[in-house]
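Down below is the structure, laid out as structure tokens.
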Amino acid sequence: MALLETHALVASYGDFQALFGVDLCLEEGETLAIIGANGAGKTTLMRSLSGVLKNEPDAIRYRGEAIGALTAPDVMARGIAMVPEGRRLFPSLTVEENLLVGTYGRKTAGPWTLDSIYALFPILQERGRSPATALSGGQQQMVAIGRALMSNPDVLLCDEISLGLAPVVVRDIYAAFPRIRETGAAIIIVEQDIAQALKVSNRVYCMMEGRITLSGKACDLDRDAIHKAYFGAD
Ligand code: ATP
């Protein structure tokens, strides 16, 4: 049984259909990347998995349980945490307070505490009492990742964590992923940077216009196939 899977997942915004029957599976401990152009439906898929968008119960299964119709807090309580696109930190709270927010949804003992988050991203300890908004974009992304980890998730969903950041900052953030994987967490990353996605993931799904157009092991996918699945044209 897969850890997390979708079956014929659909999603709409009013009359606009954004996902058309997405089948995806995530295995225990695996890192999966979802790539695709703007508007392909990647964020919609992540919002469905995290309970922000409601679905048919059976469209999403987690450890065999139908979770498609659960609310976001109920999904988080089961161990699926999201690092949302645009970070969505609480601007009036300090860095430390933002991190602690992650513990409210799930009171589960595990590897992640303030101390271990500070060991992962030492700059956050230095800036712990600063308002989150006083930090650079990269540091704010570290807070958003730390906040999600504070719930000690079994599945970490990361939506476009490198968007708008300098390459050197992206490198620093992805340097934390081996440590996150060591804890046994499975990870889904949404990335527009294909090279980055292939580098950090075991398997890749490519989306276009609300559908999965290609999937496979990161090491097996060739550039032409990815290009076609990403852009549609030859
Ligand atoms: P991006 O890289 O731009 O975030 P994406 O692959 O994550 O793209 P989505 O954000 O999931 O794509 O959007 C999929 C489609 O749904 C797009 O056509 C988008 O315009 C539309 N869409 C997304 N959010 C909404 C919304 N709140 N209301 C209406 N349409 C939406």
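Numbering of ligands and ligand atoms starts at 1, following listing order.
Heavy-atom neighbours of E209 CD from other residues, nucleotides or ligands within 6.0 Å: at or below the threshold of 12. More than 12 heavy atoms of other residues, nucleotides or ligands shown are found within 6.0 angstrom of CD on E27.
Under the side chain to side chain donor-acceptor pair (under 3.5 Å) criterion, Q141 pairs with no residue, sequence neighbours left out. Listed by chain and residue number, R181 satisfy the side chain to side chain donor-acceptor pair (under 3.5 Å) test with T31 (two or more places apart in sequence, or in another chain).
Sorted by first and then second residue, the salt bridge (charged side-chain N to carboxylate O under 4.0 Å, His left out) pairs with a member in residues 116-132 form an empty list; sequence neighbours excluded.
Ligand 1 lies under 4.0 Å from heavy atoms of Y13, F16, A18, A37, N38, G39, A40, G41, K42, T43, T44, E85, E160, Q192.
Taking the six-membered ring for Trp and the full ring otherwise, the centers of F16 and Y13 sit at least 6.0 Å from each other.
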